[in-house]
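In what follows, chains carry the letters A, B, and so on, assigned in the order in which the sequence lines appear, proteins first and then strands, with residues in each chain numbered from 1. Side-chain atoms are counted along with the backbone in the values below, which use heavy atoms only and exclude waters and symmetry mates. What you see is a predicted model; the values in this text were computed from it and never measured.
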Amino acid sequence: MLKIFVARTQQGHRTMKYPDAPPPAMPDRFRGRPAISAQKCPDGCQDCAQACPTGAIALTDKVRIDMGKCLFCADCVNACPERAITYTGDYQLAARKRQSLVIEQGQNEADLWAALDARLKKLFGRSLKLRQVSAGGCNACEADVNVLGTIGWDLGRFGIQMVASPRHADGLLITGPVTQNMELALKKTYDAVAAPKIVIAVGACAIAGGPYIDHAEVRNGAEAIVPVDLYVPGCPPHPLTILDGLLRLIGRIEDGTRQTPQS
Amino acid sequence: MSFDSPNLATLINGRDILLDSIPMLSLDVLADTMVAAVAAGQRVASMFAVSTEDAQQAAEMYVILADDHQSRLFGARARIEGGEFASLTPRCPQVQLFEREMAEQFGLKPLGHPWFKPVRYRRSWTGRDAWDRPADQAILPGVGDFYSIQGDEVHEVAVGPVHAGVIEPGHFRFQCHGEQVFHLEIALGYQHRGVEEALIGGPTKRSMHYAETLAGDTTIAHGTSYCQVLEALGGCQKSARAQSLRGIALELERLANHVGDLGALANDVGFLPTSSYCGRIRGDFLNMTALLCGSRFGRGMIRPGGVGFDVDDARLTELLHRLDTAEKETASAVNLLWDTPSVMARFEATGPLPRQVAIELGIVGPAARASGLARDARHDLPSGIFHFAHLPVSTFDAGDVFARAYVRWLEIQQSIEFIREQCRAMPSGAAQVAVGELAPNSLAIAINEGWRGEVCHVAITDGNARFARYKVVDPSFHNWSALAYVLRNQQISDFPLCNKSFNLSYCGHDL
Ligand code: SF4
Ligand code: SF4
């Protein structure tokens, strides 16, 4: 017993102050929201789009990167002769609309910032119970969702909780590209959640198929089966990216406020 | 005991060999050779089919055998004509899942297989179906026969695919009498996303990313294995620096997962102090990986020809500093387990895996070592930095949940020491070099000791040096059978604890 007390003192209090204080520092090599300087692109160059493993880059009149498909692997950065693409440390990537994940140079960032509408916010703003469904993928997204439950992040203090049954849930948090073999289970789980309900797609897989995009065995993301209310890009998204998305969704972070991590 | 046979080609971990140098045996001779080799202490590291030009008529079967004590690897093959072969499972139980996989992927029937069921519930790659199911019949996961026990007081408990926690999908069927479990059968395949099939014809720009996401918590071990296969085929010499950095990343991966597992085991017996501390410290180790490469799971760290990110002295100093802190905190959190009688009472004698059963099932990793088997690829089949840095093999003989937990604790301490040594004596050299043209008509093998156990990748190239076959064996593929075994005669309420003590991968199995 004494040893338990000693350990308790050694381990200290570890729950972060965020969002009342700045979020924890991100690793300097973290790859967040891409920035594009298309004026550097040589005429006719296709190198980034050709290097991209998931077809996330479209080169038409402009360079567009679809963060929903992006693995944040930086293969495009390494392929670019002019360093026209860089990955910034901006971890705030979640969006309410699928289209908002497609970014281009100088794009207005405001549409990344909408919370739930007033009715849903009133319902879920102070208590949001989620049933997680893992539907393919590599399990790294699940792992970093789980991290939010550890003492450092303590998701419970925001009234957000992962629950054991869809019957107890206000919505689903889906990871994975939705394999054929999980399609029915996902549908049944969604149907078992009482309306009104929300769906959160976490990770490139759940948004667009991830590394497995267009495999016959997958459905290219949750949207093929259920309507999605929040998209959290990344492969996997950093826990802070997921938390930021959840907090903005329930209105715990004001629309439009940017938060700079500790340095 | 050593076993040598002219029927087997010697393979070297991290090297390639011309296909022509691998003996083509008859199916009977291959079967007898495997049985003799396994009787002499070898185990089946991989076994798979490969299409031939006349895929409708014939296929080839490849077998990779590992001799852990002699630090040797062997390969052989045989031609399967007419879509069927005699199952070896009755004589060599550890091939049971490999044979089912060959049946599912290629429509090859293993005649006499004692429990002939699909593995991942999908159509075959060849259009031939080993179960003769009509083409228009849907294949539903987990649907089919399950082992069942009849009797007035016997009942069946079915769990999954969607579980209570934030975990991957799988279906578990328990045959119980009250609390007591007679038998557990596990049906997987829900995570099947077609990666092995998609690797054929590669390498492509996706291959590296497939490797990194075969099992997301084993990104480094799978990524390294994939790169070693390419490097073997390309005759590429990596720098000592790149190998050292790969080793550091591999051990950080082990640390994060082992510490997380000890926390999860504590949670499953309701001992919250260690559960909370380890849950957090696991994150500290993940963040050390992110310090190296920006990703907590090591995405981007391992790249063909070396590593994607180099380190300078300041970064190594920071890593060492964080390692010191995490070491102290881990010790304080983990040692509570062994000092707490209520924890030990639940860990000890729960879910025992006898040594002999571990041998017969071909179990790998900490689970094998906890049953007294000195099996560790870092020691027995070293590649990369492990040729030079020798880690002792941590074993324990009880085979129970406690042993599987304690082996992890021993390994945590060694991994920390290993990383420290590597950081202090980081060799110079290029982070990454070019791989070169891949060799055609060859087989390359790479084995690494991931945190769950042996990760084995085998590539076979065609005449154009493209992958004609790429075979992945995640340690979970071997070890799920051990989890099913240890539940026998246990209380069903001990399932979560037994399950956590293996912590197997669904996606690594389902591919
Ligand atoms: S970072 Fe994203 S856009 Fe760039 S190559 Fe990788 S997946 Fe494609
Ligand atoms: S998005 Fe990436 S990290 Fe998440 S499950 Fe898919 S492959 Fe894994």
Side-chain angles (χ1 to χ4, degrees), chain A residues 3-4 6-8 10-11 14 27-31 50-54 71-75 131-147 149-152 162 164-166 176-177 179-182 184-186 188-189 210-212 215-218 235-236 238-239, chain B residues 120-122 140-141 161-162 164-169 189-195 197-198 204-206 208-210 212-217 219 273-274 276-277 279-280 282-283 286-287 290-297 299-300 308-309 328-329 332-333 335-336 339-340 505-508 510:
Chain A
K3 286 181 178 160
I4 296 179
V6 173
R8 179 70 194 83
Q10 285 167 343
Q11 300 279 346
R14 301 298 191 123
D28 62 331
R29 287 174 168 174
F30 171 73
R31 294 178 289 282
Q50 271 162 16
C52 178
T54 60
L71 308 180
F72 297 81
C73 66
D75 286 356
R131 172 62 255 181
Q132 204 273 329
V133 180
S134 164
C138 79
N139 198 33
C141 280
E142 289 85 337
D144 263 352
V145 168
N146 256 329
V147 158
T150 60
I151 48 171
M162 300 293 162
S165 164
T179 54
Q180 270 183 3
N181 284 350
M182 269 308 284
L184 181 62
L186 174 60
K188 285 188 176 177
T189 310
Y212 322 110
H215 283 197
E217 293 85 353
V218 308
C235 182
H238 193 278
Chain B
R120 305 184 177 104
Y121 297 89
R122 58 153 300 140
L140 299 173
V162 178
V166 182
I167 54 169
E168 299 180 82
Y190 299 91
Q191 299 282 70
H192 178 60
R193 51 217 188 277
V195 185
E197 195 184 11
T204 67
K205 59 188 179 182
R206 278 210 210 169
M208 184 71 233
H209 304 288
Y210 287 140
E212 287 188 320
T213 57
L214 289 163
D217 51 24
T219 295
T274 302
S276 331
Y277 307 148
R280 183 190 64 76
R282 167 179 173 274
L286 293 175
N287 287 339
L291 174 71
L292 296 179
C293 67
S295 156
R296 287 155 56 86
F297 293 86
R299 305 287 156 84
F309 293 88
K328 286 195 204 81
E329 292 179 349
S332 128
N335 282 322
L336 286 182
D339 288 335
T340 305
S505 172
Y506 301 68
C507 54
D510 290 348

Do side-chain atoms of B:R193 reach the backbone of A:T179 as a donor and acceptor pair under 3.5 angstrom?
-> no
Sub-3.5 Å donor-acceptor pair from the side chain of B:E329 to the main-chain atoms of A:Q11, do we have one?
-> no
Got a sec, which residues hit ring pair (Phe, Tyr, Trp, His ring centres under 6.0 Å) with A:F30, two or more places apart in sequence or on another chain?
-> A:H238
So, the part of A:A216 with a heavy atom under 4.5 Å from chain B: the answer is neither
Look only at the side chain of A:N181 and the backbone of B:H192, and say whether a donor-acceptor pair between them is shorter than 3.5 Å.
-> no
Between the main-chain N or O of A:R14 and the side-chain N or O of B:R280, is there a donor-acceptor pair closer than 3.5 Å?
-> no
Mind checking whether B:Y210 and A:H215 have parallel, tilted or perpendicular rings, split at 30° and 60°?
-> tilted
Between A:N146 (side chain) and B:V166 (backbone), is there a donor-acceptor pair under 3.5 Å?
-> yes
Determine yes or no for a side-chain-to-main-chain donor-acceptor pair under 3.5 angstrom, with A:R131 supplying the side chain and B:A164 the backbone.
-> yes
Contact leader toward chain B among A:Q180, A:Q50, A:K188, A:M162, where contacts are heavy-atom pairs under 4.5 Å = A:Q50
Chain B: which of A:S165, A:P236, A:G176 shares the most heavy-atom pairs with it under 4.5 Å?
-> A:P236
Heavy-atom distance under 4.5 Å to chain A: side chain of B:L292, backbone, both or neither?
-> backbone
